[in-house]
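See below for the structure under consideration.
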Protein chains: 2
Amino acid sequence: MLDQDEQSLHSRFTDFEKFCRKKGLKMTHQRLEIYRELLTSKDHPTVEALFLRVRKRIPTISLDTVYRTLALLEEAGMTNRIQTSEGLTRFESDYGAHHHLICKKCQTIEDFTWKSFDTMLLPPELEAWGAIQTRNIVAEGICTACLKKEKKH
Amino acid sequence: MLDQDEQSLHSRFTDFEKFCRKKGLKMTHQRLEIYRELLTSKDHPTVEALFLRVRKRIPTISLDTVYRTLALLEEAGMTNRIQTSEGLTRFESDYGAHHHLICKKCQTIEDFTWKSFDTMLLPPELEAWGAIQTRNIVAEGICTACLKKEKKH
DNA sequence: ATAAGTGCAAACCGTTTGCAGCAGT
DNA sequence: ACTGCTGCAAACGGTTTGCACTTAT
């Protein structure tokens, strides 16, 4: 399990290098650290949160660079943008099909997988719409932590 | 079919009135027109789009009022806010469980229903997360109209 | 050496807010 | 008449952009 993660983490870094080379983009300290931070963040950080975390390692980094790098990564399909109902933009590293659980109280996002859904046939009527590429579930409710807080009051 | 729509349209207006009364809110010309526009709009309009449409009937209406009224309707559960990946906020009148098809090219949103999914049991692991209240699918791809345009070029 | 990337500050744009006059109850 | 709603204009906050300097190739 851990080995697999290490493996894929490493391959993701080389993918990033390859991508940059191919596009003639420079491999900078800032880009690498932003990408690293995104890969190792399991919560779905906002731009601000990523900025603050990366700044611990590169104190002179600017918020602008984080924005620009995220745009780059998004374009390359290496990160996904998630728009929460609050209008906050969050990011996650792209690691295959998964779905989201969002707590309406504390706004945290958790991932879950559901293989049988991913391979399930969509209603046939949808074929007329066009070419569907992705399907994601967004499930909303109240997480256990928030449920407990509610009971206490 | 039409009768049913008319019926529900009417009941939705009375619901709106009831809600306002209960909350001690005033039933104004502006609110009624914004609500009507939202109910009859089948595309998922942005605030701007709603504003422009309502302005045809109430030329002096301000964008602010549209924002305030939408917040009100949202609070009452009479409309849903949809955050697109472009960061645009769109609205739809709340009319029961449905899902979204989003075209990555033209950004239009279409609804679809999938009853068997709605009643399907979620993976049992999710129960530990908390109390799930809603589940929505967002399917993305390219709509037929955009596919045709691509072929032409 | 060269072209791209960075940090800074200013611009931008959708959204929210304070206020004085207006309208529904 | 009273209270809340509206329109205006100004403020706000997240994001983008222009520019001169710095850095990877």
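Protein chains get the first letters and strands the later ones, always in sequence-line order, with residue 1 at the start of each.
- The nearest whole Å value for the distance from the CZ atom in Arg90(B) to the P atom in dT15(C) is 11 Å.
- Mapping Val66(A) and Thr89(B) onto DNA chain C via the closest heavy atom, the residue that lands nearer the 5' end is Val66(A).
- Note: CD (Glu48(B)) to P (dT16(C)) measures 14 Å, nearest angstrom.
- Enclosure of atom CD in Glu127(A) is not indicated, since only 12 or fewer non-hydrogen atoms of other residues, nucleotides or ligands lie within 6.0 angstrom.
- If you check the side chains of Ser62(A) and Thr65(A), you find a donor sitting under 3.5 Å from an acceptor.
- Side-chain atoms of His98(B) and Asn136(B) include no donor-acceptor pair closer than 3.5 Å.
- dG14(C) atom P lies 18 Å from atom CD1 of Ile82(B), rounded to whole Å.
- Nearest-nucleotide mapping onto DNA chain D: of Gly24(B) and Thr65(B), the residue sitting toward the 5' end is Gly24(B).
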Practice item. Let me have a per-nucleotide readout for nucleotides 18-25 of chain C, 5' to 3', with B, S or -, counting only protein heavy atoms under 4.0 Å. Key: B----BBS

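- Distance CG (Leu32(A)) to P (dA24(D)): 12 Å, rounded to an integer number of Å.
- Residue Arg57(B) qualifies as enclosed at atom CZ: its count of foreign heavy atoms under 6.0 Å is above 12.
- Look at CZ on Phe51(B): it is 9 Å from P on dG7(D), rounded to the nearest Å.
- In this structure, Tyr67(B) places its OH atom 16 Å from P of dG13(D), rounding to the nearest Å.
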Practice item. Check the pair Tyr67(B) / Phe51(B) against ring pair (Phe, Tyr, Trp, His ring centres under 6.0 Å), numbers first and verdict last. Key: CA-CA 9 Å; Tyr67(B) 273 108; Phe51(B) 167 62; 9.1 Å; no

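- For the residue pair Arg55(B) and Ile61(B), the shortest heavy atom distance occurs at CA-CG2, 4.0 Å.
- Between His100(B) and Phe112(B), the ring centre distance reaches or exceeds 6.0 Å.
- Leu50(A) places its CG atom 15 Å from the C1' atom of dG14(D), with the value rounded to the nearest Å.
- Closest approach to the Ser62(B) side chain among dT15(D), dC8(D), dG7(C) is made by dC8(D) (side chain taken as heavy atoms from C-beta onward).
- The distance from atom CZ of Arg31(B) to atom P of dG4(D) is 11 Å, rounded to the nearest whole Å.
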